[in-house]
Colleague: 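Before I ask anything, let me first share the structure, which is written out below as structure tokens.
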Amino acid sequence: MHTPLCRHAVGEPVEYAKHAVAIGLDEIGFSDHSPMQQDNFDNWRMNQGQLDEYVEKVRRAQKDFPQLTIRLALEVDYLPGHEDWIRELAARHPWDYFIGSVHYVSDSWAIDDPQKLSEWTHRDSFEVWSIYFERLTKAAESKLFEIIGHADLPKKFGHRPTRDCTSLYIKFLDAVKKSGCAIELNTAGLRKDCREIYPSREILQLAFQKGVPVTFGSDAHAPGEVGMNFAEAVQLARSVGFKECRRFEQRKHRSVKF
Ligand SMILES: [Zn+2]
Ligand SMILES: [Zn+2]
């Protein structure tokens with residue numbers, strides 16, 4: 001879940017926590033978009049100098065809602081070559097988990113950025129998906145993350161390759177399995193043009209067959225989105241065979257039944 005520091009979310013962590021309690025959740029986690037080494041990299045994340053303020057906001061929610069477990073985390077952009085920076089970030093605070101996400105398929109194009117939607121018109125969907133999954137596979141192999149976020153994000157605006165992508169998924173999930181991280185079932189996709197949870201049933205089925213664990217996320221960018229459509233996500237996970245999901249504390253995981 002996010003905070004206004006990323007410049008495209010609304011509501012303070014205390015408001016997210018209040019909503020979580022109201023809908024009966026017992027654990028939530030904040031994972032706002034992590035700063036880049038250059039503050040002007042893009043305009044949809046906190047600056048480096050705001051990292052302490054972010055941690056303070058989450059600590060305040062923890063203090064105000066002692067009945068709720070609130071984890072401190074980051075959604076970290078994976079770009080090849082950024083590994084040292086990510087390790088540096090990891091050392092700055094006692095994080096509970098890092099979500100590794102790929103938004104950028106090049107240094108300038110984040111595929112989910114509505115401002116860059118026109119890029120899709122002169123790109124071949126399969127080529128974009130191939131680059132994206134190659135990077136996502138590298139993210140899993142890097143062992144820098146506990147969770148790989150929204151695994152089929154390129155579908156966000158409804159662009160889907162006509163060619164079969166199964167081999168891309170298998171390579172990615174093999175890397176996830178080998179590295180020991182989990183993939184996120186992210187309900188935000190239901191609120192986008194693709195109208196589908198990330199990742200697709202096909203990817204989830206392959207994940208289950210390979211013994212890749214899952215975790216649940218709403219990717220809330222507003223208090224009202226906390227835990228949104230979780231019943232649907234749980235139903236999807238159960239329908240492909242999952243009975244357990246992962247939770248995280250101090251970058252260690254445990255499995256809980258759902
Ligand atoms: Zn965001
Ligand atoms: Zn993301």
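Counting starts at 1 for both ligands and their atoms, in listed order. Values reported hereafter were calculated over all heavy atoms of this structure, with side chains retained and with hydrogens, waters and symmetry mates removed.
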Colleague: Can you tell me the N, O or S atom of Glu75 that's nearest the Zn ion (ligand 2)?
Modeller: OE2
Colleague: Side chains of Asp96 and Arg251, heavy atoms from C-beta outward: is any pair under 4.5 Å?
Modeller: no
Colleague: Looking at the Zn ion (ligand 2), is one of the N, O or S atoms of Asp112 less than 2.8 Å from it?
Modeller: no
Colleague: Can you check side-chain hydrogen bond (donor to acceptor under 3.5 Å, both in side chains) on His2 and Asp219, steps first, answer last?
Modeller: CA-CA 7 Å; His2 297 268; Asp219 206 349; 2.8 Å; yes
Colleague: What's the spacing between Asp124 CG and Trp129 CH2 if we round to 0.5 Å?
Modeller: 12.5 Å
Colleague: Can you give me the NE2-the Zn ion (ligand 1)-NE2 angle for His33 and His8, to 10°?
Modeller: 100°
Colleague: Closer than 2.8 Å to the Zn ion (ligand 1), do we get an N, O or S atom from His221, backbone or side chain?
Modeller: yes
Colleague: Please determine whether His103 has a backbone or side-chain N, O or S atom lying under 2.8 Å from the Zn ion (ligand 2).
Modeller: yes
Colleague: Please work out whether the ring planes of Trp44 and Tyr104 are parallel, tilted or perpendicular, with thresholds of 30° and 60°.
Modeller: parallel
Colleague: Cation-pi check for Tyr97 against Arg71: NZ or CZ below 6.0 Å from the six-membered ring centre and within 45 degrees of the axis, yes or no?
Modeller: no
